[in-house]
Structures are given as C-alpha cells and as structure tokens.
**Q** 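This structure is in structure tokens; I'll ask about it shortly.
Every chain is numbered from 1 and lettered A, B, ... according to where its sequence line falls, protein lines coming before strand lines.
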Number of protein chains: 2
Amino acid sequence: MNAKLKPAVVEAWVNLVRIERTLLDRVEEDLKRAQLPPLDWYHVLHEIDRSPKGMLRQTGVQDRTQLAQYNVCRLVDRLEREGLVERHQCQLDGRNNVLLITAKGRALRRAMWPVYAAAIAAHFGAHLSEVEARHLARLLGKLVRTEAAD
Amino acid sequence: MNAKLKPAVVEAWVNLVRIERTLLDRVEEDLKRAQLPPLDWYHVLHEIDRSPKGMLRQTGVQDRTQLAQYNVCRLVDRLEREGLVERHQCQLDGRNNVLLITAKGRALRRAMWPVYAAAIAAHFGAHLSEVEARHLARLLGKLVRTEAAD
DNA sequence: ACGGCATATATGCAATTGCATTCGTATGCA
DNA sequence: TGCATACGAATGCAATTGCATATATGCCGT
C-alpha cells in the first residue's frame with residue numbers, strides 16, 4: 001500500500017480532521033449549555049430506539065457507533081444507572097446482551113434531538129448550500145461504505 | 001437560528017461523524033503498531049516545526065489544533081518531558097509561552113510522517129479519485145473557513 | 001462428554017480529559 | 001501609583017478512555 005499521497009488528499013484530510021474537532025466541540029457545547037448529556041449518549045439511545053422493538057444487542061451498538069467495546073460497555077453502565085436502558089442477557093445466546101430502551105430513555109432522546117438538530121443546522125448546515133450538502137453526503141457516504149467493507 | 005434541517009445536511013453530518021471516528025481510529029492504530037506516539041503529538045510538532053524558526057506560542061498551538069487550553073498545556077508537558085520541545089517564557093509578554101521544537105522533536109516528526117502519510121493514503125486517499133478528493137477538500141475547506149471566522 | 005477455540009462482555013489499573021479554579025503577568029484608567 | 005480587569009498558563013480533582021486481561025458462554029471436532 002504505497003500509494004503516492006496526492007496533495008488534494010492531504011488537503012481533504014487536514015480539513016476533515018480540523019473541522020471534525022471544531023464541530024463536535026461546538027455541538028457538545030450546545031448540548032452542555034442545554035444541560036443535556038454528551039453526544040454519544042444520544043447516538044446510543046438513537047440506535048437502540050430505532051431498532052425493531054427498541055432492542056439492540058450491545059455489539060450492534062458497537063458496530064453502529066464505532067465506539068470501542070469497553071467504551072460501549074461502560075457507557076451502557078451509565079445509561080443503565082440512569083434508567084435509560086435495560087440490559088438483559090439474551091435467551092438464545094447467553095453471551096449477548098440485549099439492550100432495551102426505556103420510556104425515560106426515549107424521552108431523553110426526544111428531548112436531545114431539537115438541541116442537536118439546531119446545533120447541526122447552525123454550525124454545519126448553515127454553511128452549505130443544498131447542492132453542497134448533497135455532494136458532501138455522497139462523498140462521505142462513499143467513504144463510509146468502503147471503510148465498513150474492510 | 002431555526003434553519004430547517006435538510007435531509008442532505010443530516011446525511012452529511014451522520015456520515016461525517018461516522019467516518020471521522022473510523023478513520024482516526026485506524027490511523028492511530030497504524031501509528032501505535034509502528035510504536036509511534038498519538039496523532040496529536042504529530043500535529044503539535046508539525047505546527048511548531050513549520051512556524052518561523054521552529055517557534056510558536058502555546059496559544060498558537062491551541063488555535064491551529066483546536067485542542068483545549070488545558071490539553072495543550074498538558075500535551076506540551078509530555079512533549080517537554082520527552083525532550084521534543086522547549087518551553088520558554090516570552091520576553092515581551094511574560095504571560096506567553098514560546099515553544100521551540102528540538103532536533104529530537106523534528107526527528108520524531110519526520111519519523112512519524114511516512115507512517116501517517118501511508119495511513120492517510122490507505123484508509124482515505126485510496127477510496128477517492130483525484131476529482132473526488134479535490135471536491136471534498138473544497139467543501140471541507142469552506143466549512144473550515146466559515147467556522148474559523150465566527 | 002470433553003478439550004480447544006471463538007465470541008460477547010466486563011474489569012483493574014494507568015493515562016488522558018474535562019471542569020473549575022488559581023496563579024502570574026499585563027493593560028487600562030481613575 | 002493603585003486597582004479592576006483581562007489574558008495565558010497551570011493545576012486539583014473527578015470522569016472518561018485505553019489497554020490488557022479476565023469471565024462467561026457457545027461451538028466444534030473427536
């Protein structure tokens with residue numbers, strides 16, 4: 001894998017790294033200001049919530065969020081402690097945990113979304129035209145798909 | 001700031017968050033495998049190295065890397081402990097620290113680059129055509145510039 | 001049934017990060 | 001000069017993360 005590194009690739013990379021840190025910081029800041037928990041809580045709750053019957057295996061969360069195994073484990077600890085999800089051992093395969101979102105969990109997710117959405121709109125969407133947003137979505141989507149593959 | 005959130009913006013955002021975590025993980029993994037320190041060390045050394053005379057104020061590092069003030073402070077602690085940079089109080093304004101990269105620091109940066117470059121090429125560049133890379137660089141660059149402004 | 005391997009989750013401990021505050025230095029102005 | 005304010009850097013403490021490993025369960029071949 002000695003592909004020569006094109007300047008455009010480096011430029012895209014540098015911009016990606018830079019903008020990602022800035023944007024995540026600002027979104028987290030907005031959530032904090034609204035006294036809401038961090039973004040990862042939202043992502044995890046969201047993934048469970050949108051799964052059939054509000055249930056998802058812990059590995060499912062890992063796959064969908066790209067969080068490290070031990071971080072998912074401990075984040076779920078915290079969510080469970082707050083009564084936002086329930087953790088059940090799977091009947092069919094005792095190695096799996098099945099996570100079940102609670103009413104409180106759904107409520108929190110719903111409460112977070114307006115703030116999160118506004119942050120995305122303000123810090124990200126506001127600086128892109130419709131066409132640019134579509135291009136960006138397409139380019140990044142391509143990367144997501146190729147990365148997920150290997 | 002109640003801009004309605006367009007689907008394309010959400011999609012771009014979701015893909016951005018997702019790919020960013022994946023890519024940074026992989027790059028960090030490659031560095032670790034090569035027994036090299038984390039990416040942020042590279043970024044900080046790089047910023048100092050490319051500044052005039054290999055000197056940069058600590059706030060300069062903050063601005064360029066988007067790292068939190070206290071994280072820059074402590075990262076510089078570590079770099080200093082390893083003899084990669086020197087920290088000097090500024091003569092003109094005693095509040096500022098001026099960071100000076102050492103020969104060892106330059107050497108480490110140079111040693112890291114091939115590994116870092118290969119990781120960017122393999123995990124990122126390899127999945128983009130020249131044209132796509134240019135588009136992506138342009139779109140992300142626009143975001144960087146507008147974000148830096150406010 | 002049993003040993004060996006694979007998978008899913010959990011955990012002890014060290015390192016890093018976030019938060020709030022503090023410290024030292026400059027600047028503006030009465 | 002003297003004091004309020006601002007700025008850059010550092011730090012104590014709690015929370016989170018990373019790493020290595022442990023535990024627990026299931027699967028497979030014999």
**Q** I want to know whether His46(A) and Tyr116(A) have ring centres closer than 6.0 Å.
**A** no
**Q** With nearest nucleotide decided by heavy atoms, which residue, Asn71(A) or Gln89(A), maps closer to the 5′ end of DNA chain D?
**A**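 Of the two residues, Asn71(A) wins.
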**Q** In whole angstroms, how far is the P atom of dC19(D) from the CZ atom of Arg74(A)?
**A**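 Checked: the CZ to P distance equals 12 Å.
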**Q** Does a salt bridge link Lys32(A) with Asp25(A), judged by any charged N lying under 4.0 Å from a carboxylate O?
**A**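 Judged by the 4.0 Å cut-off on N to carboxylate O distance, Lys32(A) and Asp25(A) do not form a salt bridge.
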**Q** Can we say Arg33(B) and Asp30(B) salt-bridge, meaning some charged N sits less than 4.0 Å from an Asp/Glu carboxylate O?
**A** yes
**Q** Within a reach of under 6.0 Å around NZ of Lys6(B), are more than 12 heavy atoms found that belong to other residues, nucleotides or ligands?
**A** no
**Q** For DNA chain D, determine which residues of residues 92-101 of chain B have any heavy atom closer than 4.0 angstrom to one of its atoms, and list them numerically.
**A**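 Only Arg95(B), Asn96(B), Asn97(B) qualify.
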**Q** Can you tell me how far apart OG1 (Thr102(B)) and CD (Glu86(B)) are? Round to the nearest 0.5 Å.
**A** 7.0 Å
**Q** Need two values: the first and the last nucleotide of DNA chain C, 5' to 3', having an atom under 4.0 Å from any heavy-atom of chain A.
**A** dA6(C) to dC19(C)
**Q** Consider side-chain contact (heavy atoms from CB on, under 4.5 Å). Of Leu16(A), Val144(A), Leu136(A), which one does Leu16(B) pass it with?
**A**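 The passing option is Leu16(A).
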**Q** Tell me the closest heavy-atom pair linking Lys104(A) and Glu82(A), and the distance in Å.
**A**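 Minimum heavy-atom contact is NZ-O, 2.9 Å.
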**Q** For a 4.5 angstrom cut-off between non-hydrogen side-chain atoms, does Asn96(B) reach Gln89(B)?
**A**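 Of all side-chain heavy-atom pairs linking Gln89(B) with Asn96(B), none is under 4.5 Å.
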**Q** Tell me, which of residues 35-66 of chain A have any heavy atom that sits under 4.0 Å from an atom in DNA chain D?
**A** none
**Q** For the pair Glu147(A) and Arg26(B), find out whether any cationic side-chain nitrogen is under 4.0 Å from an anionic carboxylate oxygen.
**A**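 Salt bridge present between Glu147(A) and Arg26(B).
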**Q** Taking atom CG of Leu143(A) and atom CG of Leu128(B), what is their separation to the nearest 0.5 Å?
**A** 4.5 Å
**Q** Return whichever of Ala68(A) or Cys90(A) has its heavy-atom-nearest nucleotide of DNA chain D closer to the 5' end.
**A** Ala68(A)
**Q** Could you state the NZ-C1' distance from Lys32(B) to dA20(D), rounded to the nearest angstrom?
**A**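 Atom NZ in Lys32(B) sits about 12 Å away from atom C1' in dA20(D).
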